[in-house]
Each structure stands twice: as C-alpha cells, then as structure tokens.
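The structure appears right after this line, and notes come after that.
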Amino acid sequence: MPEGHTLHRLAKLHQRRYAGSTVRVSSPQGKFAASFVDGRRFVRAEAHGKHLFHVYGPDTTVHVHLGLYGTFAEFPHPVLEPVGQVRMRLAGPTHWTDLRGPTRCEVLTDVEVAALRARLGPDPLRRDAKPEVAHARVARSRQSLAVLLLDQSVLAGVGNVYRAEVLFRHGVHPLVPGNEVDRALWDDLWLDLTVLMRGGVKTGRIDTVRPEHMPDVTGRAPRKDRHGGEVYVYRRTGQPCLVCGTPVAAAELAGRNLYWCPTCQPA
DNA sequence: GATCTATGTAGAT
DNA sequence: TCTACCTAGATCG
C-alpha cells in the first residue's frame with residue numbers, strides 16, 4: 001500500500017508517539033537485530049520518498065522500506081503477545097507498533113544513510129526538495145515520463161497510483177519521452193504532486209478526483225481498493241473515464257501496470 | 001478455504 | 001527482463 005504519503009504519515013505518527021522517549025524494541029520473528037536500539041532514546045522519525053528512518057543517535061538509524069507488502073499496525077497499551085511474523089516491535093510510553101513483511105528493516109550508520117539518500121531524487125513531500133533537480137534528469141532522458149516518474153533516483157515517493165493520476169490530471173500521455181517535457185509542464189506536474197501527496201498524508205488515502213468530476217457515490221458500495229480514495233484511472237480498466245466516458249486503457253510497462261484515458265491523454 | 005493480485009525494489013540473468 | 005521477497009484483502013467456488 002505504500003507510496004510516499006504513507007511513509008510521511010508514519011513518520012509523523014512515530015514522531016508523535018515515540019520521539020524523546022526511551023523505547024523497547026524487539027524482533028519476535030528474529031530477523032532484525034533489535035538489541036542495537038532496544039532501551040535507547042528514540043530521537044526522531046523522518047521519511048524520504050518511500051523510506052522511513054528512526055533516528056536513535058549518531059550512527060544508529062533504523063531504516064525501514066515497506067516494499068509491496070510491509071505494514072505497520074499500532075495499538076495502545078497493554079502490549080499483547082505477538083501473532084504471526086513480526087519483524088520489529090516498538091513499544092513507547094503509551095503505544096506499541098508491529099512491523100510486518102518489510103523489504104528492509106536494518107540499522108544503518110550515518111554514512112550508510114547518507115549513501116542511501118544520495119541515491120534518491122527530490123521528494124515532493126519534503127521542504128528541501130528542488131524540483132529543478134528532477135527536471136534536469138527528466139529533460140535529458142529519452143525514457144517515457146511514465147517510467148521516469150517511478151524512478152526513485154529521479155524523484156522520490158511517487159508510486160503507481162500517483163503516477164497514473166497526475167498524468168491524467170494534466171492530459172499527458174504516459175509514453176511522452178522525458179526530453180519533450182519542458183520546465184513549465186514539469187513544474188505543473190510537480191506542484192500537483194505536492195498538493196495530492198500532502199492530501200494523502202493528511203487522510204491516509206489517495207484522492208485525486210476534482211469535485212466537478214466526482215461520481216455519484218450514493219447507493220454505491222465504498223471503493224474496495226486499498227488506496228481507499230476516488231481516482232480517475234488507476235485500476236479502472238475498461239470503466240468509463242470520469243471526464244469523457246472513454247473506457248480506461250491499461251498496459252504493462254517495465255513490469256508495472258499503467259492506466260490512462262486514450263481521449264483525455266492523447267499520444 | 002483456495003486463489004489471485006498488488007500502491008516496490010534488489011539482484012540475478 | 002525475470003524472479004524472489006512472503007502480507008493481506010478481494011474474489012472465487
């Protein structure tokens with residue numbers, strides 16, 4: 001479920017729950033070296049793209065990447081017996097949280113954290129992000145914009161849902177080559193991503209449909225997709241476009257599903 | 001209950 | 001380009 005907004009939302013939550021407190025950290029499953037941080041003071045939590053960092057002190061940062069499956073679940077005290085495979089359990093003064101199924105959960109030194117972050121492009125959800133850095137990469141690439149938007153070294157945090165939706169909202173065909181994307185279009189896409197993703201951090205869902213295009217949801221079951229919100233094209237293959245009625249198209253590109261409206265996003 | 005699918009990435013080929 | 005990772009909700013029967 002995680003695109004960048006999920007990780008920023010988790011970082012805010014963990015900051016509120018655990019920052020400044022001494023925490024108990026364990027790995028009921030045994031696959032994480034929890035003893036490096038157990039009993040230490042949780043200094044702060046932050047996110048960059050889809051990466052989450054729990055900072056405990058110099059050269060002691062827990063790096064988490066959820067991958068496709070990873071999830072955090074949080075509960076108020078009392079702490080219960082672990083059920084199933086729990087990679088990391090973190091318990092603070094009022095709440096505890098279990099991490100399951102992440103791609104990464106590891107303790108890194110400051111040099112390792114810096115190296116990891118050096119591989120990431122600017123993140124629309126971070127104040128320090130410079131969109132022109134991402135545009136410089138895009139503008140000199142012949143790869144499609146669809147591929148570039150998912151490349152975390154170009155920009156960090158966009159996933160398959162935001163990719164499909166931001167291209168739709170700007171009427172851009174997914175296969176436009178990067179070197180045909182001028183600065184004005186890039187800035188429009190970037191600004192829209194900051195708005196959409198900040199909304200995602202607030203609500204925990206991905207909502208991209210403008211009010212005037214919102215379908216009549218009365219009498220209809222709530223969306224079952226895990227992103228939870230209303231979207232224009234993501235996973236709406238064959239359903240009518242909310243703007244023009246054309247069936248939404250889908251194709252596989254570089255191993256990921258791509259969705260677009262052939263009419264609203266002409267080649 | 002079994003099967004399918006996925007908002008992701010690294011590493012092998 | 002392919003596969004492994006290995007969770008959980010939706011869908012099928």
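Keep in mind that what you see is a predicted model, and the values were worked out from it rather than measured. Each chain gets a letter, A, B and so on, in the order the sequences are listed, and its residues count up from 1.
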Short side-chain N/O contact to [N] OP1/OP2 from [X], under 4.0 Å:
X: A:R119; N: B:dA10; answer: yes
X: A:R87; N: C:dT7; answer: no
X: A:Y234; N: B:dT7; answer: yes
X: A:K50; N: B:dT9; answer: yes
X: A:N257; N: B:dA6; answer: yes

> Does B:dA10 have a Watson-Crick or wobble mate here (both distances under 3.5 Å), and if so which one?
Replying inline: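 Matched B:dA10 with C:dT3 under the 3.5 Å cut-off.
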> Does C:dA8 pair with anything, Watson-Crick or G-U wobble, both distances under 3.5 Å, and if so, with which nucleotide?
Replying inline: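 Base-paired to B:dT5.
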> When you measure from the side chain of A:E3 to the backbone N and O of A:G159, does any donor-acceptor pair fall under 3.5 Å?
Replying inline: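 Yes: the side chain of A:E3 pairs with the backbone of A:G159.
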>> By the 4.0 Å heavy-atom rule, please label A:R163 as base, sugar-phosphate, or nothing.
In response: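 No contact.
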From [options], pick the nucleotide closest to the side chain of [X]?
X: A:T71; options: C:dA8, C:dC6, B:dT7; value: C:dA8
X: A:V161; options: B:dA10, B:dG8, B:dT7; value: B:dT7
X: A:K31; options: B:dT7, B:dG8, C:dC6; value: C:dC6

> Once you round it to whole Å, what is the distance between P of C:dC6 and CG of A:L66?
Replying inline: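 For the pair A:L66 CG and C:dC6 P, the rounded distance is 14 Å.
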> Less than 6.0 Å separating the ring centroids of A:H54 and A:F42?
Replying inline: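 Ring centroids of A:H54 and A:F42 are less than 6.0 Å from each other.
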> Are A:H95 and A:Y18 close enough that their ring centers fall under 6.0 Å?
Replying inline: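 Centroid distance A:H95-A:Y18: not below 6.0 Å, so no.
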> Does a side-chain N-to-carboxylate-O contact under 4.0 Å join A:E46 and A:R44?
Replying inline: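 A:R44 and A:E46: salt-bridged.
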